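What follows is a short report on a single structure.
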There are 2 protein chains.
Amino acid sequence: MIKVLLAEDQVMVRQGLKAMIEVDEEIEVTGEADNGRQAVVLCEKQLFDVAVLDIRMPEMDGIEAAKVLRSRFPHLKILMLTTFDDNQYVMDALKLGVSGYMLKDGDTESLIRSIKSALKGGLSLQDQVAAKVMPALLENEEKVTIDPTLTPRERAILKCIGEGLSNKEMAERLGLSVGTVKNQTSQILDKLELRDRTQLAIYAIRHRLV
Amino acid sequence: MIKVLLAEDQVMVRQGLKAMIEVDEEIEVTGEADNGRQAVVLCEKQLFDVAVLDIRMPEMDGIEAAKVLRSRFPHLKILMLTTFDDNQYVMDALKLGVSGYMLKDGDTESLIRSIKSALKGGLSLQDQVAAKVMPALLENEEKVTIDPTLTPRERAILKCIGEGLSNKEMAERLGLSVGTVKNQTSQILDKLELRDRTQLAIYAIRHRLV
DNA sequence: TTACAAATATTACTTTAGTCACTTTTTCTT
DNA sequence: AAGAAAAAGTGACTAAAGTAATATTTGTAA
């Protein structure tokens, strides 16, 4: 029997969810909470397999509760259940390692499926949530092209600037005079239409040179 | 009627999939291909709503095919269907913007659900696939804590530096005198044990302040 | 070799950044 | 309301960055 903790502040909704979940005879709601704090307290007294948490709750919200539960009860699987598919919430939840992020408008089946999937180590995301979050996650992965008119030497200098070196340090590392480094830097500023080394450093990082 | 293109080199498997999919009377397999190249050729002749591609195929594999189809037929939804949940494959596919990545061991229902979800702009990932891929994606998101001894004002300045502003520009934006900005900057340099604004900009970016 | 271009160097100069000691203003506390 | 503490400002100074014109070196193609 799968023991589920249901944390949701609106009693009506909670009753509804409970009924929905218990349609499946392998699952049983053995604990109910009005807010995050209560959920944590309950977990300290009872053993649950899965916690279903609403994001928006008084006193302690779902994200906070998830954070606490994660660290205190590592075996407990957590499902976030909410009406909002706010990107930031989803990201926060995923970072905490929850086993699912479901919208309340989903069908009964999918909630039951998610509960069972969570226990098998799965991660359930509703399709529309996944579609929204994925681009944001992949953003960090994109590669950017750097100005091709830069010579190898200039790239080297740009890279150094991106590491925060001073002209003197660069001159030493590259075996050049400080004057040359300055001149080169001016060249780069010209080509990239930037103003100072700080902007160059930003450019270098954003273009994955460092 | 949803028109599906099925690309899968093993005839038996293809037949099976076709039968599975067509259980649903809203969906029809109106094209079949042995490999990626054929799939592309078919798409040039016929109109499809969804392309279901096996990853491993002779001549042109699913990833390659997806790449081509994506650019030539932007409206076409693509589902990758494979026996392997190799992380790299999944990532590659997601970067291409496919609408789903399904394992062949899934049930009929979920494939049909994914086809319909794809048309609504959803992104279907089987739970076990999502669970595997997510950690890799979140890695790039690692949260970095920024020095808590920084005051809000100092953070604001640090943020500006990370955007490449000069002292004068910052003074204007924040309604401060240039002198104050300089002093604050010195403070920040002190606290973070850095040397100049370039290093501050690097810090700001690396700590996701900008 | 000459001639030319590219990379490097030198010098002199201007501007911006950064430090420091100290003052003024604002804000909060008791 | 007095006084402490934080935030903002001033001015004078030094160091570093950035500009520009011009020179030196070096490789290489005519």
Side-chain angles (χ1 to χ4, degrees), chain A residues 59-61 64 143-210, chain B residues 143-210:
Chain A
E59 282 217 61
M60 184 190 256
D61 70 24
E64 261 310 303
K143 34 197 142 199
V144 250
T145 50
I146 97 155
D147 192 314
T149 70
L150 291 185
T151 68
R153 181 109 276 173
E154 286 166 348
R155 277 160 210 260
I157 290 194
L158 184 51
K159 187 161 168 292
C160 288
I161 292 179
E163 291 172 26
L165 300 198
S166 68
N167 288 335
K168 201 168 121 221
E169 288 166 334
M170 267 189 276
E172 277 165 25
R173 180 189 293 188
L174 303 174
L176 297 174
S177 80
V178 174
T180 303
V181 172
K182 286 185 179 185
N183 287 339
Q184 297 265 14
T185 305
S186 288
Q187 278 295 324
I188 305 172
L189 288 172
D190 235 41
K191 288 188 181 173
L192 301 184
E193 295 182 316
L194 295 174
R195 191 179 50 197
D196 53 45
R197 69 201 297 98
T198 304
Q199 297 186 340
L200 287 185
I202 296 169
Y203 180 98
I205 297 180
R206 294 253 180 258
H207 290 72
R208 312 251 187 284
L209 260 169
V210 285
Chain B
K143 41 193 159 191
V144 250
T145 47
I146 98 154
D147 193 313
T149 69
L150 291 185
T151 68
R153 183 103 280 171
E154 287 167 348
R155 278 161 209 258
I157 290 194
L158 185 50
K159 188 162 166 290
C160 288
I161 292 179
E163 291 173 25
L165 300 198
S166 68
N167 287 336
K168 203 170 117 218
E169 289 167 334
M170 266 189 277
E172 278 166 24
R173 181 188 293 188
L174 303 174
L176 297 174
S177 78
V178 174
T180 304
V181 172
K182 285 184 177 185
N183 285 339
Q184 296 266 15
T185 306
S186 289
Q187 278 295 325
I188 305 172
L189 287 172
D190 233 42
K191 288 187 181 174
L192 302 183
E193 295 182 316
L194 296 174
R195 190 180 51 196
D196 53 43
R197 69 198 301 97
T198 304
Q199 297 185 343
L200 287 184
I202 297 170
Y203 180 98
I205 297 180
R206 296 251 181 261
H207 290 72
R208 313 229 187 286
L209 259 170
V210 287

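Computed from a predicted structure; not experimentally measured. All values below were derived from every heavy atom in this structure, side-chain atoms included, with hydrogens, water molecules and symmetry-related copies excluded. Naming: A, B, ... by sequence-line order, numbering from 1 per chain.
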OP1 or OP2 of [N] under 4.0 Å from side-chain N/O of [X]:
X: A:Gln184; N: C:dT8; answer: yes
X: A:Thr180; N: C:dA9; answer: yes
X: A:Asn167; N: D:dA16; answer: no
X: A:Arg153; N: C:dT8; answer: yes

For A:Glu163 and A:Leu209, run side-chain contact (heavy atoms from CB on, under 4.5 Å): C-alpha distance rounded to whole Å, both residues' side-chain angles, the deciding distance at 0.1 Å, then the answer. CA-CA 10 Å; A:Glu163 291 172 26; A:Leu209 260 169; over 6 Å; no

Position toward the 5' end of DNA chain D (nearest nucleotide), A:Gly179 or B:Gly179: B:Gly179

Taking atom [atom2] of [N] as reference, at what distance in whole Å does atom [atom1] of [X] sit?
X: A:Gln199; N: C:dT16; atom1: CD; atom2: P; answer: 13 Å
X: B:Gln187; N: C:dG18; atom1: CD; atom2: C1'; answer: 13 Å
X: A:Met170; N: D:dA16; atom1: CE; atom2: P; answer: 13 Å
X: A:Glu154; N: C:dA6; atom1: CD; atom2: P; answer: 12 Å
X: B:Ile188; N: C:dT19; atom1: CD1; atom2: P; answer: 11 Å
X: B:Arg197; N: D:dG18; atom1: CZ; atom2: C1'; answer: 14 Å
X: A:Lys168; N: C:dA17; atom1: NZ; atom2: C1'; answer: 17 Å
X: A:Arg195; N: C:dT14; atom1: CZ; atom2: P; answer: 21 Å

Taking any heavy-atom pair under 4.0 Å as a contact, classify B:Asn183: base, sugar-phosphate, or nothing.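 Base contact.
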
I'd like to know if the side chain of B:Arg195 and the backbone of A:Gly164 have a donor-acceptor N/O pair within less than 3.5 Å. yes

Using a 3.5 Å distance criterion without hydrogens, assess whether the side chain of A:Thr185 forms a donor-acceptor pair with backbone atoms of A:Val181. yes

Other residues, nucleotides and ligands only: do more than 12 of their heavy atoms fall within 6.0 Å of NZ on A:Lys191?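 Enclosed: over 12 neighbouring heavy atoms sit under 6.0 Å from NZ of A:Lys191.
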
Selection from C:dT10, C:dT19, C:dA17 that lies nearest to any side-chain heavy atom of B:Ser186: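 Closest nucleotide to the B:Ser186 side chain: C:dT19.
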
So if I take every side-chain heavy atom of B:Lys182 and compare against C:dT8, D:dA17, C:dA17, which nucleotide ends up nearest? C:dA17

Does the pair A:Glu154/A:Lys159 count as a salt bridge with the N-to-O cut at 4.0 Å? no

